[in-house]
Amino acid sequence: MKNLDIINIITKYQCDEETASVVYRLIAVKVKDPRDKETLLKISDQEREHAAVWENYSGRHMPASRFKITWHILLSYVMGYTFLIKFLNRRVRETVKCYKILEKDIPEISEIICRKEEHERILIDMLDEDRLKYVGAMVLGLNDAIVEITGTLAGLTFALANTKIIALVGIITGAAATLSMAAAKYLAERADGNSKALKASAYTGTAYLITVILLVIPYLLFPKDMYIAAFAVMMTAAILIILFFSYYISVAKSLPFIKRFAEMACISIGVSVIAFIIGIAAKSLLGIEI
């Protein structure tokens with residue numbers, strides 16, 4: 001490898017280490033537990049020390065990437081700091097593999113690799129974010145909403161053939177189903193003796209309601225006679241919701257992404273197709289025209 005290539009690689013790693021230092025320090029501000037806060041600050045300091053090692057070899061000062069810092073902090077607000085740290089840990093594994101290529105050229109890199117592997121173990125044991133405890137509740141709400149509401153809207157699309165009426169029925173059905181799902185979750189958790197049953201039901205209901213809103217919006221945006229286009233956009237939105245949440249679960253819970261996504265997508269599409277056919281058949285058999 002040429003010296004210029006090595007310098008370019010080193011400056012990239014230097015910038016990444018500076019960026020990671022800032023990100024871990026910003027995450028520490030959000031963490032309530034004093035020990036976890038101290039751990040994150042310590043890791044932040046060590047990342048800066050790693051950057052200093054790279055600087056000795058590059059001979060340049062490389063500031064942290066503002067774009068990456070903004071992106072990572074946005075991820076932490078939208079998806080939680082647990083997701084962000086596990087996302088960073090995935091990147092660490094890839095980085096460690098790359099670092100090993102330079103072990104012969106940079107003696108200090110062996111210590112940096114050991115530290116990074118230690119960081120991963122510490123962070124996985126440390127993380128205990130509130131929303132991650134209720135992933136099961138969110139999955140319940142989202143899964144039920146995806147299956148029930150896509151099925152309902154698919155069946156109504158040809159049965160009613162009017163986006164505004166479909167949206168109205170979808171909103172009423174979705175609101176009632178949200179309350180029903182949240183209440184059922186609360187009663188189930190209370191029966192199991194969970195002191196935080198209300199919180200679990202809130203997560204379930206919120207996930208359900210957000211999904212309903214996202215699925216109904218296409219019917220509100222399109223003219224009343226463009227129900228097929230609204231249906232296509234609604235199904236696309238459903239797939240994107242499944243994609244987003246499957247990725248979140250795969251990172252936050254370290255579960256396989258493809259299998260979970262394929263399973264949810266197949267169930268949702270299958271139910272929608274069946275409901276779509278039932279809607280056409282019901283309209284034809286009952287002779288209803290709207």
Side-chain angles (χ1 to χ4, degrees), residues 30 32-33 75-86 127-156 166-220 234-235 237-257 259-272 274-275 278:
K30 295 179 63 179
K32 296 178 182 179
D33 189 297
L75 275 180
S76 75
Y77 277 108
V78 174
M79 306 181 83
Y81 67 82
T82 295
F83 176 90
L84 174 59
I85 290 176
K86 290 209 168 189
L127 294 175
D128 189 29
E129 188 181 13
D130 192 48
R131 78 176 72 179
L132 206 60
K133 299 175 185 176
Y134 298 98
V135 162
M138 290 190 288
V139 169
L140 175 65
L142 184 135
N143 281 354
D144 275 25
I146 287 285
V147 174
E148 291 174 15
I149 302 303
T150 54
T152 299
L153 293 175
L156 293 173
I166 295 167
L168 175 63
V169 177
I171 290 169
I172 294 170
T173 303
T178 297
L179 296 172
S180 174
M181 178 59 63
K185 181 63 176 176
Y186 174 77
L187 292 173
E189 293 293 328
R190 286 286 291 172
D192 289 339
N194 185 358
S195 60
K196 295 184 178 180
L198 186 61
K199 201 167 190 177
S201 71
Y203 272 97
T204 300
T206 300
Y208 197 107
L209 183 60
I210 290 172
T211 306
V212 169
I213 292 169
L214 293 174
L215 295 177
V216 170
I217 281 176
Y219 290 93
L220 294 172
M234 183 272 292
M235 287 304 300
I239 297 299
L240 290 175
I241 292 169
I242 294 170
L243 182 69
F244 171 83
F245 207 76
S246 296
Y247 183 68
Y248 173 84
I249 295 297
S250 72
V251 173
K253 287 288 192 179
S254 301
L255 297 172
F257 165 70
K259 181 180 178 181
R260 180 170 291 274
F261 170 71
E263 184 180 58
M264 286 184 67
C266 288
I267 292 172
S268 177
I269 293 170
V271 169
S272 297
I274 294 170
I278 292 172

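All values below were derived from every heavy atom in this structure, side-chain atoms included, with hydrogens, water molecules and symmetry-related copies excluded.
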Which atoms form the tightest heavy-atom contact between [X] and [Y], and what is the distance?
X	Y	result
Ala237	Leu214	CB-O, 4.3 Å
Tyr219	Ala167	CB-CB, 3.9 Å
Ile149	Gly174	CD1-CA, 4.0 Å
Ala182	Gly205	CB-CA, 4.1 Å
Ala177	Tyr208	CB-OH, 3.1 Å

By side-chain contact (heavy atoms from CB on, under 4.5 Å) - contacts of [X] (at least two apart):
X	result
Thr211	Leu142, Ala145, Ile146, Leu215, Ile241
Thr152	Leu156, Thr173
Ile239	Phe261, Ala265, Ile269
Leu187	none

* CG on Leu209 to CE on Met181, rounded to 0.5 Å ->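 The distance works out to 12.5 Å.
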* Asked: Once you round to the nearest 0.5 Å, how far does CD1 of Ile171 lie from CD1 of Ile166?
  ->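 Atom-to-atom, Ile171:CD1 and Ile166:CD1 are 12.0 Å apart.
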* Taking only residues two or more places apart in sequence, or in another chain, which ones meet Glu189 in a salt bridge (Lys or Arg N to Asp or Glu O under 4.0 Å)? ->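 Once residues adjacent in sequence are excluded, the partners of Glu189 under the salt bridge (Lys or Arg N to Asp or Glu O under 4.0 Å) criterion are Lys185.
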* **Flag, side chain of Thr206 to backbone of Tyr203, donor-acceptor distance under 3.5 Å** =>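 Such a contact is absent between Thr206 side chain and Tyr203 backbone.
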